[in-house]
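Have a look at the structure below before the remarks.
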Protein chains: 2
Amino acid sequence: MVILTPVSDATFDRSRCSVAGTLAVVGEKWSLLVLREAFLGVRRFADLQQALGAPKAVLTDRLATLVREGVLSREPYRAEGERQRHEYRLTDKGRDLYPTLVALMAWGDRYLTDGPPPLALEHRDCGAAVRVALVCDDGHEIGGPREVRARAAGAGAAPA
Amino acid sequence: MVILTPVSDATFDRSRCSVAGTLAVVGEKWSLLVLREAFLGVRRFADLQQALGAPKAVLTDRLATLVREGVLSREPYRAEGERQRHEYRLTDKGRDLYPTLVALMAWGDRYLTDGPPPLALEHRDCGAAVRVALVCDDGHEIGGPREVRARAAGAGAAPA
DNA sequence: CATGCTGGGTTCGCTTGCCGAACCGCGCGC
DNA sequence: GCGCGCGGTTCGGCAAGCGAACCCAGCATG
């Protein structure tokens, strides 16, 4: 007897869910905040540490993970009369996490902050405010989850 | 003397950053996965527990947090000849986290999965695939972080 | 009535992770 | 050579996550 959730859409293989997978990469504490700093242009260990206030050991670990996962790259540089150091910069893979960060920020701006948002994003070309939108490939803008249907990949019969 | 990072855009007050704030609400382990299930229509404790495989105690705690934060509501119900139970359902505040989940999922679909995504989202009206996009209020679609400028709230030309 | 079953938790040890502070090592300027 | 500062690593303590065991209400069964 299989007592699964009675919800039709909910019968898919959680173990390979993309949300879980992404969280396995960037879901640990500090990871997404490191990326926020990266998007703000912070690249050096000391600057990250000061901006975040995270323990050095944790920061070291998070950076190593993000580099290993290909979200950041660790590249040598040397400043005027100093020894060689490394800096951490976003890869294309990392840059593609931008919408996720913006979505998190937008929610916080709306529900956690009163008054103007602490950080405003504007389109470099036209100066207008930037926001995240759900759209479908036919060009419709989507208001919320109710307008969306989820379909599992093995949409025939896949017992878990 | 304030020694902040030399990076121009990076000088804003991290302590009230909306990304950090949002993560304080949904950034703990399992929280976003609970919400994923919620968006799939899973509402009952036992169903959540089975779907996620999280320890009961943690799940209890996450649900309580999400209810306290107003992301979920805890509502009594009673099924045919059973005693009264509670179910957890998304509030509007919770529903507004949908783009965040979709963004996380999209990234995982792209970089973590080969082949078709485990879960496909389609527009209920037209059947076309759903994706998350960055747009500006003038209607331009934005390709990535390079096209965006961040401005701190306290900075010079900030209209209230 | 006593008994058992089931859903929704709570409690209990154990392990893992996070934390701040201390320590270390390399390369540079002196 | 000496000291210094960046970029870590190490260390002890605390908090969170973990699976398993336990608990309690209420319905069903005998």
Side-chain angles (χ1 to χ4, degrees), chain A residues 1-7 10 14-15 20 23-34 37-38 42-69 72-89, chain B residues 1 3-7 14-15 20 23-34 37-38 42-69 72-89:
Chain A
M1 64 171 185
V2 181
I3 310 177
L4 267 182
T5 70
V7 181
R14 262 80 173 173
S15 70
L23 289 175
V25 175
V26 297
E28 281 172 304
K29 212 167 178 178
W30 299 108
S31 295
L32 283 166
L33 296 177
V34 167
E37 296 303 320
V42 180
R43 296 193 176 131
R44 283 137 75 147
F45 190 95
D47 294 339
L48 285 167
Q49 204 221 327
Q50 183 187 338
L52 297 173
K56 285 173 161 189
V58 177
L59 185 53
T60 302
D61 185 79
R62 287 311 103 92
L63 288 169
T65 300
L66 293 172
V67 168
R68 180 160 29 80
E69 295 288 346
L72 297 180
S73 67
R74 185 172 192 261
E75 299 187 359
Y77 76 101
R78 70 180 310 140
E80 195 65 20
E82 300 200 348
R83 80 175 193 264
Q84 172 177 298
R85 310 261 155 94
H86 293 90
E87 60 183 13
Y88 302 87
R89 44 175 78 199
Chain B
M1 158 148 37
I3 310 175
L4 270 181
T5 71
V7 181
R14 262 80 175 172
S15 70
L23 289 175
V25 175
V26 298
E28 281 171 306
K29 213 167 176 178
W30 299 110
S31 295
L32 283 166
L33 296 177
V34 168
E37 296 303 319
V42 179
R43 295 189 178 138
R44 283 139 74 150
F45 189 95
D47 294 338
L48 285 168
Q49 205 222 327
Q50 182 186 342
L52 297 174
K56 287 172 161 189
V58 176
L59 186 53
T60 302
D61 184 80
R62 287 312 102 91
L63 287 169
T65 300
L66 293 171
V67 168
R68 179 162 28 82
E69 296 289 347
L72 298 180
S73 68
R74 184 172 192 263
E75 299 186 359
Y77 76 101
R78 70 179 313 139
E80 194 67 17
E82 301 199 349
R83 79 175 192 268
Q84 173 177 297
R85 310 260 155 92
H86 294 90
E87 59 183 13
Y88 302 87
R89 43 175 81 197

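Lettering follows sequence order; numbering is per chain, from 1. Everything quoted here is computed from the prediction, not taken from an experiment.
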Item to complete: Rounded off to whole Å, could you give me the CZ-to-C1' distance for the A:R62 and C:dG17 pair?
Response: 8 Å
Worksheet item: A:S31 and A:V25: which non-hydrogen atoms are nearest, and at how many Å?
Response: OG-O, 4.5 Å
Practice prompt. Quick one: closest heavy-atom pair of A:W30 and A:L52, and the distance?
Written response: CZ3-O, 3.5 Å
Practice prompt. Considering non-hydrogen atoms only, spot the tightest contact between A:Q49 and A:A54 and give its length.
Written response: CG-O, 3.6 Å
Item to complete: Could you state the atom-to-atom distance from CZ of A:R85 to P of D:dG8 in whole Å?
Response: 10 Å
Discussion item. Quick one about B:R74 and B:Y88 (side-chain donor to acceptor, distance below 3.5 Å, no hydrogens or angles considered), yes or no?
Written reply: yes
Discussion item. Expressed as a whole number of angstroms, how long is the span from A:L48:CG to D:dC6:P?
Written reply: 14 Å
Fill in: side chain to side chain donor-acceptor pair (under 3.5 Å) partners for B:E87, two or more places apart
B:R89
Practice prompt. Nearest whole angstrom, please: distance from the P of D:dA15 to the CD of B:E28.
Written response: 14 Å
Practice prompt. To the nearest Å, give me how far apart CD (A:E87) and P (D:dC6) are.
Written response: 16 Å
Worksheet item: Base, backbone or nothing for each nucleotide of nucleotides 19-30 of chain C, written B, S, -, heavy atoms under 4.0 angstrom, 5' to 3'?
Response: SB----BBSSS-
Worksheet entry | Separation of atom CD in B:Q50 from atom P in C:dG7, rounded to whole Å | 11 Å
Can you give each donor-acceptor pair under 3.5 Å made by side-chain atoms of residues 60-68 of chain B, sequence neighbours left out, with the distance rounded to 0.1 Å?
unit_1	atom_1	unit_2	atom_2	d
B:T60	OG1	B:K56	O	2.8
B:R62	NH1	B:K29	O	2.9
B:T65	OG1	B:D61	O	3.0
B:T65	OG1	B:R68	NH2	3.3

Worksheet item: Given atom CG of A:L63 and atom P of D:dG7, what is their separation to the nearest angstrom?
Response: 11 Å
Worksheet entry | Of the listed nucleotides C:dT10, D:dG8, C:dG8, the one nearest the side chain of B:Y77 | C:dG8
Worksheet item: Atom CZ of A:R74 to atom C1' of D:dG7: distance rounded to whole Å?
Response: 9 Å
Worksheet item: Below 4.0 angstrom from OP1 or OP2 of D:dG7, is there any side-chain N or O of A:Y88?
Response: no
